Protein chains: 2
Amino acid sequence: MRAMSKGERTRAMILDEALALSSTDGLAGLTIGSLAERLGMSKSGLFAHFGSKEQLQAAVIERAGEMFTDVVIRPSLEKPRGLPRVCALFENWIDWTKGAGLPGGCPMQSASLELDDKPGPLRDLVAHQQDRLRSFIARGVRMAMEEGHLRPDLDVDQFVFEGISISFGFAMNHRLLNHPDAEQWARNAIRGLVQRSLPDKT
Amino acid sequence: MRAMSKGERTRAMILDEALALSSTDGLAGLTIGSLAERLGMSKSGLFAHFGSKEQLQAAVIERAGEMFTDVVIRPSLEKPRGLPRVCALFENWIDWTKGAGLPGGCPMQSASLELDDKPGPLRDLVAHQQDRLRSFIARGVRMAMEEGHLRPDLDVDQFVFEGISISFGFAMNHRLLNHPDAEQWARNAIRGLVQRSLPDKT
DNA sequence: TTGACAAAAGAACGACCGTTCGTTTTAATG
DNA sequence: CATTAAAACGAACGGTCGTTCTTTTGTCAA
């Protein structure tokens, strides 16, 4: 890990700060000037690390994806496969939304809303990351079905849609209206989703 | 309606275009220059109608709220009170998300994400509108309980949370990933939510 | 320690931002 | 019609945007 040159180190430092900034101001609100000022360096010096603003934004999106993987996905893999892993993922996700690291909300969520009408490489990047998440959850659910933890006739895509919707809905309620009950609602909703996906007790 | 002066007419015209623009580019991406160009008028002439950009943005948010009321809420009031009205609301909402009028997605949703970390009058405005929607739905659900359409022990806030989450989740899936099954998932989820809120058949 | 190269700084660019102001055009009213 | 107020314009302001240069500084191996 000490094979990290000076340039690579500052680049990583820039990305960390850029991620924090874009989580509050959005991907478009992320400006090179303010980012440089926060880091106490010159615009041009910062700029040279990325070559263009779009590439900076792309790097931010990728970094956000890595962070999400580290905080939400990877820890869930330490749980036993099947239902425990699926539940752990949603719990990690709720914790992540509550502000794990980033000052603003989940940057991927705002990026999605921001880019949904703007075709281009950034939009493709975000869509791809969302697809990866979706298929990861689907894989976990299918495992849980194989393990007998969930109904064999469960509609996997429907389950994933509802789980993701709850997570996004929680972010909305928690961050904008910061309603104190939002977390409880989200946990209840996830629990209900799981409960009605269990195998029949007959 | 002919009591509308020239100024009021152009102001309305400006707001319509501003709403369309902000639905694709976001509230922050809405600029006076591009808006004026689209309308074929001068920046200063347009500016004079609002006095500041923030007031323009506030007017856009309010206009978006009116539009949502016209397209989603008001039509549901023509249905009989109780469950039919609640279901109609969610169906209207899905249609609205599919692009009723606006080229971009629901402007209120992106505004929420955009402003959730930026305290100020705009954030308050959006939060207030969301609160109004939430309490409107809650009122409808309570009516349905009184009519005997829904379980008397139903957790109203929980119901509202899940319904709103589904609607937002649909927007996300439909607009960003434009997954063809998204609408079906959303309708299934709403139907499931309603079904498990019905009175016991015992 | 020197020499080569990577990294950061600095100044400047054209473009666009929100905003102001004075002027001109247009609409409403007697 | 003439008058007056409302509405739209055009030019300009200070700032910031992303980006491009050239120059200076720092790093790191020979």
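Atom set for the values below is all heavy atoms of this structure, side chains included, hydrogens, waters and symmetry mates excluded. All values derive from a computational prediction rather than experimental measurement. Labels below follow one simple rule: chain letters A, B, ... track the order of the sequence lines, proteins then strands, and each chain is numbered from 1.
- For A/Glu8 and D/dT27, the CD to C1' distance is 14 Å, given to the nearest whole Å.
- Side-chain atoms of B/His179 never come within 3.5 Å of backbone atoms of B/Asn173 as a donor-acceptor pair (strictly under, hydrogens ignored).
- Distance B/Arg11 CZ to D/dA6 P: 16 Å, rounded to the nearest Å.
- Here the P atom of nucleotide D/dT16 and the CG atom of A/Asp25 are 15 Å apart, to the nearest Å.
- Of the candidates C/dC17, D/dT19, C/dA8, the closest approach to any side-chain atom of A/Lys53 belongs to D/dT19.
- Proximity of B/Thr10 to the phosphate of D/dA8: a side-chain N or O atom is located under 4.0 Å from OP1 or OP2.
- If you check distances only, the side chain of B/Lys43 does reach the base of C/dG18 with a donor-acceptor pair under 3.5 Å.
- Rounding to whole angstrom units, CZ of residue A/Phe50 and P of D/dT20 are separated by 16 Å.
- Going from atom CE of A/Met4 over to atom C1' of C/dA7 covers 15 Å, rounded to whole Å.
- Applying the 4.0 Å criterion to OP1 and OP2 of D/dA8, one finds that B/His49 has a side-chain N or O inside that range.
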Original post:
Run the ring pair (Phe, Tyr, Trp, His ring centres under 6.0 Å) check on B/Phe68 and B/Trp93 step by step: do they pass?
Top reply: CA-CA 8 Å; B/Phe68 187 88; B/Trp93 196 346; 5.6 Å; yes
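- Rounding to whole angstrom units, CD of residue A/Glu37 and C1' of D/dG15 are separated by 13 Å.
- Residues A/Glu8 and A/Arg11 are not paired through a salt bridge, judged by the lack of any N-O separation under 4.0 Å between the basic side chain and the carboxylate.
- Comparing C/dT19, D/dG18, D/dA7 by their nearest atom to the side chain of B/Phe47 picks out C/dT19.
- The phosphate of D/dA8 has neither OP1 nor OP2 within less than 4.0 Å of any side-chain N or O from B/Ser42.
- Of the possible donor and acceptor atoms, one in the side chain of A/Arg151 sits under 3.5 Å from a partner among the backbone N and O of A/Arg196.
- Salt bridge B/Arg81/B/Glu146: present, at least one basic N to carboxylate O contact under 4.0 Å.
- A distance of 5.5 Å separates OG of B/Ser112 from CZ of B/Phe168, quoted to the nearest 0.5 Å.
- Between the CG atom of A/Leu46 and the P atom of C/dG10 there is a distance of 14 Å, rounded to whole Å.
- Across C/dT19, D/dC9, D/dT20, the shortest atom-to-atom separation from the side chain of B/Met41 is found for D/dC9.
- Taking the screw axis at each terminus of the helix from C/dA6-D/dT25 to C/dG30-D/dC1 from five consecutive base pairs, the angle between the two is 20° to within rounding of 10 degrees.
- Considering every non-hydrogen atom in both A/Gln184 and B/Gln158, the closest pair reads O-OE1, 4.4 Å.
- Looking at heavy-atom distances under 4.0 Å, A/Leu30 makes contact with sugar-phosphate atoms alone, never a base.
- Between B/Ile164 and B/Ile137 there is a side-chain heavy-atom pair separated by less than 4.5 Å.
- Considering only the side chain of B/Lys6, D/dA7 comes nearest among C/dG18, C/dA7, D/dA7.
- Going from atom CD1 of A/Ile32 over to atom C1' of D/dG18 covers 6 Å, rounded to whole Å.
- Contact annotation: side chain of B/Ser44 to base of D/dA8, donor-acceptor pair absent below 3.5 Å.
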